[in-house]
Protein chains: 4
Amino acid sequence: MSNDSRREVGIGMIGYKFMGKAHSHAYRDLPFFFDPQVVPRLRVIAGRDDQGVQAAALKMGWQSFETDWRKLLERKDVDVIDIVTPNNTHAEMAMAAAKAGKHIICEKPLAMSLDEAQKMVQAVEEAGVVHMICHNYRFAPAVQLAKQLIESGKLGRIYHIRATYLQDWIMDPSFPLSWRLRKDTTGTGALGDIGAHIIDLARFLIGEFTEVTGMMETFIRERPIGEMNGGLSATSSGNEMGTVDVDDASAFLARFDNGALGVFEATRFAGGNRNGNRFEINGEKGSIRWDLENMNLLRVYFSDDEPGLQGFRTINCTEETHPYAGAYWPSGHIIGYEHTFINLFSEFMNGIAEGRSPNPNFYDGFRNQAVLAAVEQSVRDKSWARVQS
Amino acid sequence: MSNDSRREVGIGMIGYKFMGKAHSHAYRDLPFFFDPQVVPRLRVIAGRDDQGVQAAALKMGWQSFETDWRKLLERKDVDVIDIVTPNNTHAEMAMAAAKAGKHIICEKPLAMSLDEAQKMVQAVEEAGVVHMICHNYRFAPAVQLAKQLIESGKLGRIYHIRATYLQDWIMDPSFPLSWRLRKDTTGTGALGDIGAHIIDLARFLIGEFTEVTGMMETFIRERPIGEMNGGLSATSSGNEMGTVDVDDASAFLARFDNGALGVFEATRFAGGNRNGNRFEINGEKGSIRWDLENMNLLRVYFSDDEPGLQGFRTINCTEETHPYAGAYWPSGHIIGYEHTFINLFSEFMNGIAEGRSPNPNFYDGFRNQAVLAAVEQSVRDKSWARVQS
Amino acid sequence: MSNDSRREVGIGMIGYKFMGKAHSHAYRDLPFFFDPQVVPRLRVIAGRDDQGVQAAALKMGWQSFETDWRKLLERKDVDVIDIVTPNNTHAEMAMAAAKAGKHIICEKPLAMSLDEAQKMVQAVEEAGVVHMICHNYRFAPAVQLAKQLIESGKLGRIYHIRATYLQDWIMDPSFPLSWRLRKDTTGTGALGDIGAHIIDLARFLIGEFTEVTGMMETFIRERPIGEMNGGLSATSSGNEMGTVDVDDASAFLARFDNGALGVFEATRFAGGNRNGNRFEINGEKGSIRWDLENMNLLRVYFSDDEPGLQGFRTINCTEETHPYAGAYWPSGHIIGYEHTFINLFSEFMNGIAEGRSPNPNFYDGFRNQAVLAAVEQSVRDKSWARVQS
Amino acid sequence: MSNDSRREVGIGMIGYKFMGKAHSHAYRDLPFFFDPQVVPRLRVIAGRDDQGVQAAALKMGWQSFETDWRKLLERKDVDVIDIVTPNNTHAEMAMAAAKAGKHIICEKPLAMSLDEAQKMVQAVEEAGVVHMICHNYRFAPAVQLAKQLIESGKLGRIYHIRATYLQDWIMDPSFPLSWRLRKDTTGTGALGDIGAHIIDLARFLIGEFTEVTGMMETFIRERPIGEMNGGLSATSSGNEMGTVDVDDASAFLARFDNGALGVFEATRFAGGNRNGNRFEINGEKGSIRWDLENMNLLRVYFSDDEPGLQGFRTINCTEETHPYAGAYWPSGHIIGYEHTFINLFSEFMNGIAEGRSPNPNFYDGFRNQAVLAAVEQSVRDKSWARVQS
């Protein structure tokens, strides 16, 4: 029994670890919960390690696998290239995929530099393919509700955003020098990995950054050589040590073109914070707070609530009326991390059906990269830096 | 590319609404996250409404559908009968399935009466089939951690459990008299629907009940005739009114065979509590608290923590070391409601592979029913009632 | 420089430990924060231990002390008798004070039995003196706000109250058999000490109890002989053991004359709960939650908040508009435990000025005692018991 | 009955509004809760408004009042000058008081400029008087516990502090241009008023600042002329408008001499945050969080807690073992805002008895001013600024 009326698109994914798992799962669950205009099919997955990629394909339900990612571009049954590899490979892969006429979804940050990001935008533009960047946290129902509140004017003029992304998974000095800690593979450390997420949330909710000034620090400068497993755990391969050349922690002040002030901090040295992606936004008429670790909740304050009865409301964004929530379970039955991807991919599929690139797309990736670049510039200059627009 | 080494079992499911969706999803996601010894295949789904069941089958990925549930028992490619229909149908279906030699998983509460439950236990016992009852909340990683703490003696002798299941979805007097509000289809109201869940958690964590005394109340006695949609929403069909003959709210005191005291409350009239399944357990050496609405968190207090540094710890049970959590995402990336089912079904599949009935099974369903029956008895007698063992 | 326009009343207090400190402080701070119609003067304090009472008098600012409490009744400069002694002394002292024409404030529970309580009510009635019972938690601004919300109809018809008073200060088996653990001095254990507080809150907020059924338990039955210091700490005097003949824990179900259901639990064996006086009330249109450990906060849910924006508000009851809060500090500058007494005593002083007995007074003490008596009766009978009105 | 053995010191206070109330109350309550080596006597209070100061004196229990603050310096029965006036008067008063040989306690920030602060330090040094600055939040028991944890090495090397002081009392554009919003009377706005508090907490807990870079903003630039009442409420006197020349909001990044990074934000435009003085500190071995609005709680995380049982503990710092807490009530009976002053004044009295100036004193005020000055400098230069040491 099959649903013939729905158009299928073939997916080819490059990479298969933490993000590969999250994306694969999202493709699989998508038609169960949503009615996307096109349905993804898991055609082929690519990875350099023959055994690793085979096992991943089998486990995650891909129809085939390759060890050379360029093979995916040649396949007629592949409509979409999904890039979940280290950051230093994004540009080459995305530009090749665009050239091959494939729609593209790429993990964040988009590129290693603003220049690279610019070229990637040009490539997808010229090719006319649908493109997205995988800033999944926009797609938590609570964050979408935050967006609605701001856009509808319910918070009035926005004065402040303060956002942190606090983690602690590399605090142990024996955690190895994996690709996420090396400049050549990742560009920056905490800044580009998790800082990029809170920059995206700020752009989504508040608007464009105009200038920033920041600081970056590496607390542990020597680590054993080694690599990550899937997820965020890792194994070191021995006694050889290497130098960490990216930031363990970054923070920056920002101004937005609508006059708002921003304070941002991304660190992997905040013990006890496993995944502390949090923000508070203060507007003329109200405030909102969100925390990824309790991602279904949005805390909302309205200054025009009756005097004496004012206070932050704790809203469990699992009602049928909440964005995306109706696809899942009844009120109070929470969803989790993986659902942010399912929601994002539902937009991607609809974008493909309609021939448009939903936000966040490569333009958003470029703007995000511009903020990252300006923060780095400001740190080098010990001064404020304009964000390129 | 397929994984031939794994044995498959064919599933036949009766019913297709809220629980049907939760079960179907769990079967689908199970092999992605776990490596069960046997893999479920969604063979056939049964429902009385031809169009409804067809649409559900298509949407949820079932290979075929039937409008007569008995047809499922005749199919050789069906190894498991999954019962997600109203409570008044469980006994007949389960006994027929057992007779047909099918493994059975049944939604809770097991039966309409203790007598029925007893017969169901006998039926599965005689048939030698694998059986489980779907008390999914046991399978939240935080609840499993609670179990480990208690079993390992870390809390010492248990003094107290207080548990609530607070909801508010029928507070509107215009909510219709659906099957969940009629004695002939459901047995009891809040008591059997949500009270049964906290009884199961108490049995899982503390042990057997010995005696109870309770009260039951129906706050809104007349409602429009109508039926539920999937989930917990509903539509009334017109102006005709009917009488609510089950409890809107129930509460009871309990004693356990290990000397602990219990206080339980289940209500659908606790505004603002969408899904307030919560418990606190106090032992000689520590305490734990859990809340389904933040189901990834377990709050734990140890009285032997250093004086001055004692306090409830908020543990995000998403570490690789936490029960079931390693199958999903890195620390701090939360899971949701549906994962409790995936975890439960992973145990069910392993039980089938090994020819044993994992807990909670029909015996647990019977013991649960015995508590429900004793509460009802105590309300009738305005006295304490022994729980049949 | 003195404020001659304000009438003074002389206070004579019997007892000087934990409650003696709380009351003494309240009298002292009262004129600083409030403008009571009459001003208390700390004339004389009585205690059996000569040195102890002298030290207390000096420390707490009393003008004189006595070792025989009856001396206080003879003093012309004493207008008020304040009773903060063990429960078995309340009746004798209060009746003598009434006979002597003194206004009376008495710690809770009022008496050792309902009969005693009845006599105390008659005594103050016949004497025509002003009387109050010291249920101080009513006077937290957040609780007063709760009262306003209920009385104004903002929560609609009340369906539920669930209240706990959880403590853990006697969980250590070496904690001595102080007066608070002996039936002859205290009447009941957790029930009368802390259960009485949540009964009072329920009466204040919901209304009168009609019937109850409960259970009581003593987990540790033998303890070393010894006595409490001030506060809730204690020293045992040696190796001699004695039998605990009061309840370590009590719980009961209740029905109210307005149709609401109540679930109550008072225990001193809930590890990690230092002072867990908490309640949740659910009404037709909204719900409220309160917790003494964060006593400035009231959490309020309104079901008529805009759909999608519904959630419990966390209200910090420190606004000028909140009851009693204007007497203290600006918004967000919290008050503490002692302020509940200051607020209560401000009412007491105004009652004296106006010749009326503010609530909660001896009638409230009697009604409270009636609930305590009914719970004890229900435990003896293993049945429901009517609450005498 | 009096306690003759204790030495008395006479207090003369200049100013009598919000801080005047807090200080007066603290002097009064101090001997009740503590056993200070010297006991304060409320001799005289000064204010320019004859009627206002008289009423305040009467209400708060001062023996006399003056309208010329210089009169206080001449009085032999005045040993201590307490300065609670607007910031632009601190230097003149403190230097005159030092010259008169009086001990001094001064509200924060110490001065209008670093130069002024320097002169004040010289003055008290030359005079040899005891001096303190009133950074009261150090004296919350939870903050003192934080200090103990850091000093004892329990958190290891400190990596991060992030601190906010968020308020919302001037968000209404009709709130008048009171002295707290005028540069000539206050120096800076949010920065010096509330930013100074979090700078002090950071200096207390982490150590000295080395460099900073900040931003400042005024969201509402025109306000009606008017003045504050006591507390933080205010009345405008009419339609005349004036220009706000201080910051509504300030934020800055910081580096500390021990290598830690700091992120700070002080704003009066964070709706719903009545008094959001909060910090989180992350160290090598653990983390702590504190929030003034729940000031009794310290949240503490230890990375060497057993794997799987790690999480922030919520510690109610009301145990007898917690700093200052033993002076008050039993565990779980919380204290409030005013107690931070009582604790601070207990140190001040002991300092006077022993002839030493406890921290925070004028040196701390100077160091704090140096940070404020560096932030202002960095804003002017759009660059980092060194903090003068």
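Convention: sequence-line order gives letters A, B, ...; per-chain numbering from 1. Because the structure is predicted, anything quoted here is derived from the model rather than measured.
- Contact of Tyr159(A) with chain D is made through backbone and side chain together, with heavy-atom distances under 4.5 Å.
- Using a 4.5 Å heavy-atom threshold, the side chains of Glu280(D) and Thr164(A) count as separate.
- The two residues Asn282(A) and Phe269(D) have their closest heavy-atom pair at CB-O, 3.5 Å.
- Contacts between Met171(A) and chain D at a heavy-atom distance below 4.5 Å involve the side chain alone, from C-beta outward.
- Summarising the geometry of Ser287(A) relative to Ala270(D), their closest heavy-atom pair is OG-C, 4.2 Å, with the distance given to 0.1 Å.
- Contact annotation for Asp168(A): only side-chain heavy atoms (C-beta onward) come within less than 4.5 Å of a heavy atom of chain D.
- Contact annotation for Ala254(D): only backbone heavy atoms (N, CA, C, O) come within less than 4.5 Å of a heavy atom of chain A.
- If you measure heavy-atom distances from Glu284(A) to chain D, the contacts under 4.5 Å come from the backbone alone.
- Residue Leu155(A): no heavy atom, backbone or side chain, is found under 4.5 Å from chain D.
- Most heavy-atom pairs under 4.5 Å with chain A: of the set Thr213(D), Leu261(D), Asp172(D), Val263(D), this distinction falls to Leu261(D).
- The two residues Phe252(A) and Leu253(D) make their nearest non-hydrogen contact at CA-CD1, 4.0 Å.
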Exercise. For Leu166(D) and Arg162(A), what are the C-alpha separation, side-chain angles and deciding distance, and is it a side chain to side chain contact (heavy atoms under 4.5 Å, CB included)?
Worked result: CA-CA 11 Å; Leu166(D) 310 180; Arg162(A) 62 197 64 85; 3.4 Å; yes

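- Taking Ala249(D), Gly214(D), Gly271(D) one by one and counting their heavy-atom pairs under 4.5 Å with chain A, the maximum is reached by Gly271(D).
- Annotation: residues 380-389 of chain D contacts chain A through Lys382(D), Ser383(D), Trp384(D) [non-hydrogen atoms, separation under 4.5 Å].
- Between atom CD of residue Glu265(A) and atom NE2 of residue His160(D) there is a gap of 5.5 Å, rounded to the nearest 0.5 Å.
- At a 4.5 Å heavy-atom cutoff, Ser378(A) makes no contact with chain D through either its backbone or its side chain.
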